[in-house]
Amino acid sequence: MQLRNFSIAASLVMFAFVSSAAVAQRKDVTLPPAVERNTAASTVNTFQFFPPVNNRFQIQPRGPENPAELPEYEIETNDLPVGRLIADKRIGSKALFPGISGTGWLPADPDIAVGPNHIMQVVNSSIAIIDKATETITWQQTSPDFFAGMGAGTFQFDPKVLYDRVHDRFALIFLEQDGSPQVSKILFAVSATNNPNGAWHRYRIEAMTGSGPSAAWLDYPGWGYNKDGYVVSGNMFGFSSGFYGTQIITIPYADVSGGGALTSGHITDGSGVSLQMAEMIDASASNVYGVSRNGSTNLRLYSVANVGGSASATVTNLTVPSAAYPAMDAESTEGNFLDTIDRRVFTVKYRGGSLVTG
């Protein structure tokens, strides 16, 4: 794990930096070699949809299962009163541009990415493109319509979208799952240019591990990228029961940038849980790093090498200053409760020699 030249900021409720000397005391563990899988490509163009803005949404009779995270750690409370804000002014006020108005899901699992001229929004299970100049939605469709023609089912959830600053493109994922027959796929798409209005290269990537009673499906995706490609991570839950750790899936940029066939790498870590991969904004970064929490005073750090080829990964545990977990169900100002999920890491960025997570 090549971590000598960066420091780490880590906490769900505060940031704390650890010196590179502390990182040097690590003990790395190499994960099993990647298993390669081949996936055919499919291209879709946003201009083929009519009307371009379709407010219809996919009604789902069931929401994402989001099983309880395993293993469980003691949950500590923090000192911030629920429903309170710090007094400092953090943003200027202005009129808000409209986003996707309906999802058919609870929760909606929204995510957003900002590029040079466009904003992309994804929810369970719709996709929208917003023009930054006019602050209006110029294109909106459901994810089953966007991924149509690839054999995907309609139960698509846990979307993520990012603007890839290294390659100047947008990329997005949805998860697909079914219990009968057993299905677990990653629906991945990358725009052909920095303008999301146009061609997209799409892939339906196998995510299921094991078979029979040990078959597992991928949930709660994390993902990031570097100059060589994209990396998706996720928790693996048994279709019947059980927890099977974390899976890491690498997507070489050279395969998908022009819409060619994809050879993805699949790495498993039976001891991992709720791993988030980093956006490696520095174009020179050779590895993609990832972070998960491993107790209130420990981080589990991942380094994925050779994302564009035969990928490999190492993992280590790193001691950090103690940080309290949020309350599982925090009371909101409306008298209801907010599900904070648990201690999971939500985002990771690497820039200027530092890895920052929260």
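Predicted, not measured: the structure shown is a model, and the values here were computed from it.
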So CG of L262 and CD1 of I251: to nearest 0.5 Å the spacing works out to 6.0 Å
Testing the 3.5 Å rule here: is there a donor-acceptor pair between the side chains of S303 and N287? yes
Run the side chain to side chain contact (heavy atoms under 4.5 Å, CB included) test on L162 and F170 for me, step by step, so that the C-alpha distance in whole Å, both residues' side-chain angles and the decisive distance to 0.1 Å come before the verdict. CA-CA 6 Å; L162 57 79; F170 286 90; over 6 Å; no
Can you confirm whether the side chains of T268 and H266 place a donor and an acceptor under 3.5 Å from each other? no
Any Lys/Arg nitrogen of K349 or E279 sitting under 4.0 Å from an Asp/Glu carboxylate oxygen of the other? yes
Could you walk me through whether Q177 and S184 pass the side chain to side chain donor-acceptor pair (under 3.5 Å) check? CA-CA 5 Å; Q177 193 259 9; S184 179; over 6 Å; no
Sidechain N-carboxylate O distance under 4.0 Å for D269, R300: yes
R169 and Y225: side-chain donor and acceptor closer than 3.5 Å? no
Indicate whether any N or O donor in one side chain lies under 3.5 Å from an N or O acceptor in the other, for D28 and T314. no
T142 side chain to S126 main-chain N or O, any donor-acceptor pair under 3.5 Å? no
CD1-CE distance between I186 and M208, expressed to the nearest 0.5 angstrom: 13.0 Å
F146 pairs by ring pair (Phe, Tyr, Trp, His ring centres under 6.0 Å) with which of W200, F188, F174? W200
Please lay out, stage by stage, how F243 and F237 fare under the test ring pair (Phe, Tyr, Trp, His ring centres under 6.0 Å). CA-CA 5 Å; F243 179 72; F237 292 95; 5.2 Å; yes
Do the rings of F239 and W217 sit parallel, tilted or perpendicular, given the 30° and 60° boundaries? tilted
With rounding to the nearest 0.5 Å, note down the distance linking CD in Q48 to CD in Q141. 9.5 Å
For V122, run the side-chain contact (heavy atoms from CB on, under 4.5 Å) check against I100, I112, I127 and tell me which one passes. I127
Just by distance, do the side chain of S42 and the backbone of R202 share a donor-acceptor pair under 3.5 Å? no
Between F47 and F49, does the ring pair (Phe, Tyr, Trp, His ring centres under 6.0 Å) criterion hold? Intermediate values first, please. CA-CA 5 Å; F47 295 113; F49 292 87; over 10 Å; no
Between D109 and N124, does any side-chain donor sit less than 3.5 Å from a side-chain acceptor? yes
Ignoring hydrogens and geometry beyond distance, is a side-chain donor-acceptor pair present between Y253 and D164 at under 3.5 Å? no
With rounding to the nearest 0.5 angstrom, report the OG to CG distance, S233 to L218. 8.0 Å
Would you check if the side chain of K227 reaches a backbone N or O of H167 as a donor-acceptor pair within less than 3.5 Å? no
Test side chain to side chain contact (heavy atoms under 4.5 Å, CB included) on I129 and Q140; report intermediate values, then the result. CA-CA 6 Å; I129 300 172; Q140 179 180 324; over 6 Å; no
Only residue of T246, N235, V348, L301 satisfying side-chain contact (heavy atoms from CB on, under 4.5 Å) with L275 is T246
With distance as the sole criterion, is a donor-acceptor pair present between the side chains of N55 and S101 under 3.5 Å? no
Could you measure the distance from the CG atom of D111 to the CG atom of L172? Nearest 0.5 Å is fine. 10.0 Å
Strictly distance-based, threshold 3.5 Å: is any side-chain N or O of T39 a donor or acceptor partner for the main-chain N or O of Y203? no
Run M150 and E176 through side chain to side chain contact (heavy atoms under 4.5 Å, CB included) and show every step you take. CA-CA 12 Å; M150 303 177 65; E176 175 195 348; over 6 Å; no
Just verifying a value: how many Å separate D168 CG and N194 CG, rounded to the nearest 0.5 Å? 4.0 Å
Taking T263's backbone N and O only, do any of them form a donor-acceptor pair with D255's side chain (distance below 3.5 Å, no angle check)? yes
